[in-house]
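Input: a single structure, listed below in structure tokens.
Numbers here simply count residues along the sequence, with the first being 1.
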Amino acid sequence: TVHNVTLNTPASTSESETGIKNVNGNDYQTTYNFSSGSTNDSPPVYIAVRNVNWVNQETFPPEPVDVLIGSDLVYHEDILSVLIPAVDSMLVKGGSFYYVAPNTGRAGMESLVDALQGCGYIVAERFACPDSMYESPLENIDLCVLHFYDLTIKAPHTCYHFVKPT
């Protein structure tokens with residue numbers, strides 16, 4: 001089984017920062033095998049990193065995906081009227097939306113949980129980010145401080161796993 005995974009990444013993110021091949025200027029894709037205990041016979045997992053504009057469906061994946069991963073997308077409650085329909089449109093029924101955000105300083109975060117639950121999504125998991133998630137995703141620590149300041153100061157974050165109703 002090939003799983004389509006879409007990650008939202010800034011258009012300014014380069015291949016050298018991600019290790020993922022640039023496909024068309026905005027999107028990145030690669031194939032990973034990340035099954036636990038996997039062997040060379042395990043099917044590959046297709047991952048597409050897309051620069052998604054929530055109000056422009058032409059930027060959405062061509063087909064609904066099994067998994068969406070997002071981080072720090074909600075800064076104000078008003079964005080939910082755009083974000084929730086976009087997430088719902090991009091996910092297959094029964095699909096997972098993994099989301100991580102700082103515990104404080106993000107107006108609308110609790111409203112995101114309420115809005116998704118109001119659409120029938122369940123919160124399958126909600127937990128504090130483990131220490132390993134605060135490690136720099138970039139080799140250059142200065143770039144990490146610039147782009148991921150909350151990580152470098154280890155600001156408390158919460159991880160969410162939402163599941164779309166079937």
Side-chain angles (χ1 to χ4, degrees), residues 1-13 15 17-103 106-130 132-133 137 148 157-166:
T1 302
V2 175
H3 299 279
N4 290 315
V5 179
T6 296
L7 308 168
N8 191 352
T9 188
S12 62
T13 306
E15 180 178 345
E17 292 172 321
T18 62
I20 300 173
K21 179 181 151 191
N22 185 327
V23 177
N24 66 16
N26 288 323
D27 300 339
Y28 295 82
Q29 70 181 15
T30 191
T31 301
Y32 287 105
N33 185 339
F34 58 84
S35 304
S36 59
S38 65
T39 67
N40 289 337
D41 296 334
S42 298
V45 175
Y46 173 76
I47 297 176
V49 180
R50 303 181 70 90
N51 185 16
V52 174
N53 178 336
W54 304 332
V55 296
N56 182 355
Q57 290 191 355
E58 291 179 12
T59 67
F60 292 9
E63 300 289 328
V65 298
D66 301 306
V67 176
L68 287 173
I69 301 173
S71 66
D72 208 9
L73 302 174
V74 177
Y75 287 84
H76 194 277
E77 196 169 292
D78 292 345
I79 197 65
L80 298 178
S81 65
V82 176
L83 177 61
I84 301 298
V87 166
D88 200 53
S89 174
M90 288 187 276
L91 266 181
V92 298
K93 290 180 179 179
S96 292
F97 175 40
Y98 293 94
Y99 184 70
V100 63
N103 292 354
R106 299 299 186 263
M109 187 56 227
E110 286 306 313
S111 297
L112 171 67
V113 175
D114 293 342
L116 285 168
Q117 288 178 319
C119 292
Y121 284 72
I122 62 163
V123 180
E125 294 179 90
R126 181 181 189 159
F127 57 93
C129 288
S132 62
M133 291 188 75
F148 304 105
H157 283 61
T158 299
C159 299
Y160 300 85
H161 174 199
F162 300 98
V163 178
K164 183 176 179 174
T166 53

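Atoms OG and OH, from S71 and Y160 in turn, are 13.0 Å apart once rounded to the nearest 0.5 Å. The line from CZ of F127 to NE2 of H161 is 10.0 Å long, rounded to the nearest 0.5 Å. For the atom pair OG (S89) and CH2 (W54), the distance works out to 14.0 Å, reported to the nearest 0.5 Å. To the nearest 0.5 angstrom, C129 atom SG is 8.0 Å from N103 atom CG. From L116, atom CG reaches atom OH of Y99 across 10.0 Å, with rounding to the nearest 0.5 Å. Distance check: F162 CZ to L91 CG gives 11.5 Å after rounding to the nearest 0.5 Å.
Side-chain N or O atoms of K164 include one that pairs as donor or acceptor with a backbone N or O of D88 at under 3.5 Å. Checked by atom type and distance alone, the side chain of R126 never pairs as donor or acceptor with a backbone atom of T158 at under 3.5 Å.
The two atoms that bring K93 and T166 nearest to each other are CB-CA, 3.9 Å, heavy atoms only. Residues G70 and F97 come closest through the heavy atom pair N-CE1, 4.1 Å. Closest of all the heavy-atom pairs between M133 and C159 is SD-SG, 3.6 Å. Among all heavy-atom pairs drawn from E77 and S111, the shortest one is OE1-OG, 2.8 Å. The shortest heavy-atom contact between L112 and L80 is N-CD1, 3.6 Å. Heavy-atom minimum distance, M90 versus P61: SD-CD, 3.5 Å.
Contact check for N51 versus T59: no side-chain heavy atoms found under the 4.5 Å cut-off.
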